[in-house]
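The next block holds one structure in the form of structure tokens; read it before the comments.
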Amino acid sequence: MLLIEEEAKELLEKYGIITVKGYVCESEEKAIGIAKEIGFPVVMKVHGIVHKSDVGGVILDIRNEEEVKNAFRKLIKIEGAKGVNVQPMISGIELIIGSADNEQFGSYIIFGLGGIFTEILRDISLRLVPISRRDAEDMIREIRGYKILEGYRGIKANVEAIVELLLKVSELVEKEEIVEMDLNPVFANEKGCFVADARILIGKKRIFDFEKREISFFFNPKSVAVIGASRSIGKPGNNIVWNLKKYGFKENIYPVNPNAREIHGFKCYPSIKDVPEDVDVAIIAVPAKIVPEIMKDCADKGVKGVVVVSSGFSEEGEKGAIFEREMLKIAKSSGILIFGPNTTGVMNTETGFITSFAPLRSVKMGNISIVAQTGLFLGVMMESIASNEPGIGFSKLIGMGNKIDVQDHEVLEYLLRDEKTKVVGMYIEGFRNGRAFFQVARNSSKPIVVFKSGRSEYGKKAAMSHTASIGGNDEIFDSLCKQANLIRVFSFDELLNITKALSMQPLPLGDKVAVIHYTGSGCVQSADAVNFSGLKLANLSKMTKERIRDVTPEWHAINNPLDIWPMVEYHGMEKPYEVAIDAMLRDENVDSLVVVLWSSVLWKSYVPDFGELRNFVKPVYFVAEGPREEVYALKMEYETNGFPLYPNAIAAIEVLGKVTNFAMRYDRRRS
């Protein structure tokens with residue numbers, strides 16, 4: 001049901017929102033009388049039409065009776081006109097505030113400069129409802145036109161009044177069945193905010209209820225059955241059993257294959273119903289068309305959960321979708337939880353439990369947990385990460401696949417409770433319940449790094465064919481990340497670069513950074529990167545400069561970023577780095593430090609006393625440049641000792657910028 005302007009304004013007033021009162025007139029005489037009573041200038045609008053501006057139904061700055069007559073005659077002739085509305089003309093900065101209901105995330109509100117700024121510049125911000133006062137303040141500061149609101153050339157708005165208006169709109173949208181709303185224009189001046197026009201659509205909003213289900217048994221099962229276990233080397237069913245044995249899973253392993261007696265030393269069973277004890281988790285690696293029958297056997301056995309590594313379901317079309325629906329129906333009726341299908345599943349590095357069919361040589365134990373929608377994450381990609389990032393350690397690795405049952409928010413909620421997980425990284429293509437994900441994520445005390453694809457129209461189509469999921473609106477997701485303080489990244493490389501920094505180093509207490517580089521050009525590039533990453537170059541104290549001066553040629557200036565090479569030419573590699581790093585970390589003006597090294601086959605690059613560095617409790621990121629073998633060896637040494645090492649200064653500073661932004665927003669949320 002669409003509320004006409006007067007009805008919409010009545011609802012707004014109920015929530016304490018100030019509107020500009022209008023009076024509907026059916027004649028020129030009444031319009032003239034109302035205009036004189038209000039006082040010129042006035043605004044006249046066609047009554048009974050929703051999109052008034054589109055039909056020329058708004059006339060501003062009417063200053064006398066003759067102009068009232070002319071305006072009335074013009075407006076009343078518009079097709080569909082049911083009268084003419086006369087209201088005071090309010091001066092101020094024109095704003096737009098609105099709301100809508102998104103299929104992925106539910107109700108959200110939008111804020112921005114109105115008029116041509118909305119249509120041409122699209123200078124807007126969004127947040128999911130309900131919003132906090134902090135959210136409202138962030139929405140206002142986020143738009144490019146914020147400086148106009150603060151005051152520009154004699155024009156100024158009451159920013160606190162805008163905050164209050166956004167909070168009232170949020171309350172209204174949360175409590176009423178509003179699926180769409182436009183308050184446009186809203187005039188903001190030093191006295192407050194005034195809604196001049198309103199359109200509200202009442203309807204049934206989406207419900208995003210979700211139940212909290214226990215999924216911890218997927219990571220710590222007491223027994224596991226591998227259905228589709230194979231004697232043939234290289235087949236998925238063989239590799240799964242091999243991985244479980246290789247990683248030392250200590251609990252009972254039951255391969256299921258009616259044509260085999262044993263696989264990798266484990267006794268085989270014709271059916272899961274023949275397994276002599278209860279089964280917590282079944283790993284299913286059989287063709288999609290027989291998975292529903294296998295699911296019936298699992299239901300008869302009383303299995304708690306299954307990981308379906310098989311593909312050929314909804315990601316391949318309607319025929320596969322039928323198998324998927326049959327499988328899910330059986331699981332729901334018997335209380336079985338499903339990971340997948342079309343996934344490599346899960347791994348717990350602490351217990352050695354792994355469901356992947358890809359043979360993995362080595363995964364280091366650590367405190368990073370990764371959730372990835374792509375089915376082969378715990379396969380080729382993990383093998384690449386383990387071999388190229390030897391210092392990164394993982395706790396839980398989770399491939400979500402088609403997500404027909406267990407969802408992102410459930411896995412995230414488990415990881416946020418998991419004592420072994422310090423930081424969570426997520427790769428997401430789409431959500432089935434984005435609102436549930438938001439509710440879990442916004443209450444996190446752990447950093448969450450998110451790489452979401454499916455941002456473009458091309459990407460969304462690819463995601464549909466790949467995992468049969470819906471991409472969702474990227475603007476809303478970006479706003480969700482800001483509102484929940486998620487660290488958004490745009491590649492797997494960036495996700496790994498940031499998660500390892502969070503895993504290894506403390507959070508910065510401020511945004512002032514010092515940089516040490518071995519070239520002047522590198523110093524210039526680093527200074528630019530600091531600025532573009534939202535950081536500030538620290539002003540080094542007099543004492544810091546004096547300490548560095550002890551190893552610096554007289555002719556060389558001491559700045560931040562610091563070009564250390566002239567010192568290296570005089571004193572060699574070790575002493576200049578040692579003195580400069582120590583001096584900068586002792587400086588109260590420095591919150592974090594980036595150090596760039598040159599590795600060479602002719603000399604051993606600088607290696608600090610890692611214990612001493614940890615005592616400063618400030619984040620230190622290193623960079624090594626030079627021959628591949630030397631850089632890789634240095635990377636091993638630094639990251640094994642808990643200090644991330646990056647390929648160049650710009651990459652390191654960009655990581656530091658996102659980590660610092662997270663840390664400062666986290667502190668604001670706690671205060």
Side-chain angles (χ1 to χ4, degrees), residues 103-104 206-207 209-211 213 215 218 225-230 235-237 240 256-258 271-273 279 281-346 355-357 372-377 379 398-411 428-434 436 454 459-472:
E103 63 181 351
Q104 294 280 320
R206 291 172 177 82
I207 298 174
D209 291 339
F210 64 96
E211 60 178 320
R213 304 185 297 182
I215 64 169
F218 274 111
V226 182
I227 303 175
S230 172
K235 282 196 171 183
I240 293 169
V256 174
N257 183 333
S271 163
I272 191 172
K273 292 191 287 186
V279 175
V281 175
I283 307 169
I284 299 177
V286 299
K289 64 182 179 181
I290 64 172
V291 170
E293 286 300 316
I294 296 296
M295 189 63 72
K296 290 178 183 177
D297 290 345
C298 290
D300 292 340
K301 183 64 179 175
V303 172
K304 290 182 180 180
V306 300
V307 178
V308 184
V309 303
S310 313
S311 58
F313 294 93
S314 60
E315 78 280 0
E316 294 295 337
E318 181 54 30
K319 186 175 181 180
I322 293 172
F323 301 143
E324 194 171 274
R325 288 194 291 269
E326 290 177 1
M327 170 178 61
L328 184 60
K329 183 179 179 181
I330 296 165
K332 290 288 186 185
S333 65
S334 56
I336 298 174
L337 303 187
I338 301 174
F339 257 105
N342 185 31
T343 183
T344 43
V346 306
T355 69
S356 177
F357 57 81
Q373 188 163 342
T374 178
L376 265 176
F377 175 74
I398 305 164
M400 298 297 294
N402 289 14
K403 297 191 292 192
I404 66 168
D405 186 27
V406 177
Q407 299 296 308
D408 301 280
H409 66 269
E410 295 178 280
V411 174
I428 298 169
E429 291 173 2
F431 295 100
R432 294 185 186 271
N433 190 336
K460 290 175 187 175
K461 290 176 183 177
M464 285 292 289
S465 63
H466 180 52
T467 57
S469 64
I470 302 171

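Please read all numbers here as calculations on a predicted model, not as lab measurements.
Within the 4.5 Å cutoff, side-chain heavy atoms of I398 are placed close to those of F339. At least one side-chain heavy atom of V406 sits under 4.5 Å from a side-chain heavy atom of R213. Contact annotation: the side chain of T343 never approaches that of V308 to less than 4.5 Å [non-hydrogen atoms, C-beta and beyond].
Scanning both residues, V256 and I227, for their nearest heavy atoms gives CB-CA, 3.9 Å. When all heavy atoms are compared, the tightest approach of S271 to D297 is OG-OD2, 4.0 Å. The shortest non-hydrogen separation linking A436 to F210 is CB-CD2, 3.4 Å. Nearest approach of V309 to T355, heavy atoms of both residues: CG1-O, 3.8 Å. When every heavy atom of V281 is checked against every heavy atom of V279, the shortest pair comes out as O-CG1, 3.3 Å. The nearest pair of heavy atoms linking P292 to F323 is CG-O, 3.8 Å.
The CD atom of E211 sits 7.5 Å away from atom CD of E410, with the distance rounded to the nearest 0.5 Å. Rounded to the nearest 0.5 angstrom, C298 SG and E293 CD are separated by 11.5 Å. Taken from CG in N433 to CD in Q407, the straight-line distance is 7.5 Å, to the nearest 0.5 Å. To the nearest 0.5 Å, the span separating CD1 on I330 from NZ on K296 amounts to 5.0 Å. Note: I284 CD1 to M327 CE = 7.5 Å, rounded to the nearest 0.5 Å. Rounding to the nearest 0.5 Å places CD of E324 at 9.0 Å from CG of N342.
In this structure a side-chain-to-backbone donor-acceptor pair under 3.5 Å is present from Q104 to F431. Remark: the backbone N or O of N402 is not paired with any side-chain donor or acceptor of E315 at under 3.5 angstrom. Under the 3.5 Å distance criterion, the side-chain polar atoms of S310 are left unmatched by any main-chain donor or acceptor of A288. Judged by distance alone, the side chain of T344 and the main-chain N or O of G399 form no donor-acceptor pair under 3.5 Å.
By the 6.0 Å contact criterion, NZ on K235 is open, its count of non-hydrogen atoms from other residues, nucleotides or ligands being 12 or less.
Checking each of R325, K332, E326 against L328 for a side-chain contact (heavy atoms from CB on, under 4.5 Å) leaves exactly one that passes, namely K332.
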* Test F313 against I404 for side chain to side chain contact (heavy atoms under 4.5 Å, CB included), laying out the working first. => CA-CA 10 Å; F313 294 93; I404 66 168; over 6 Å; no
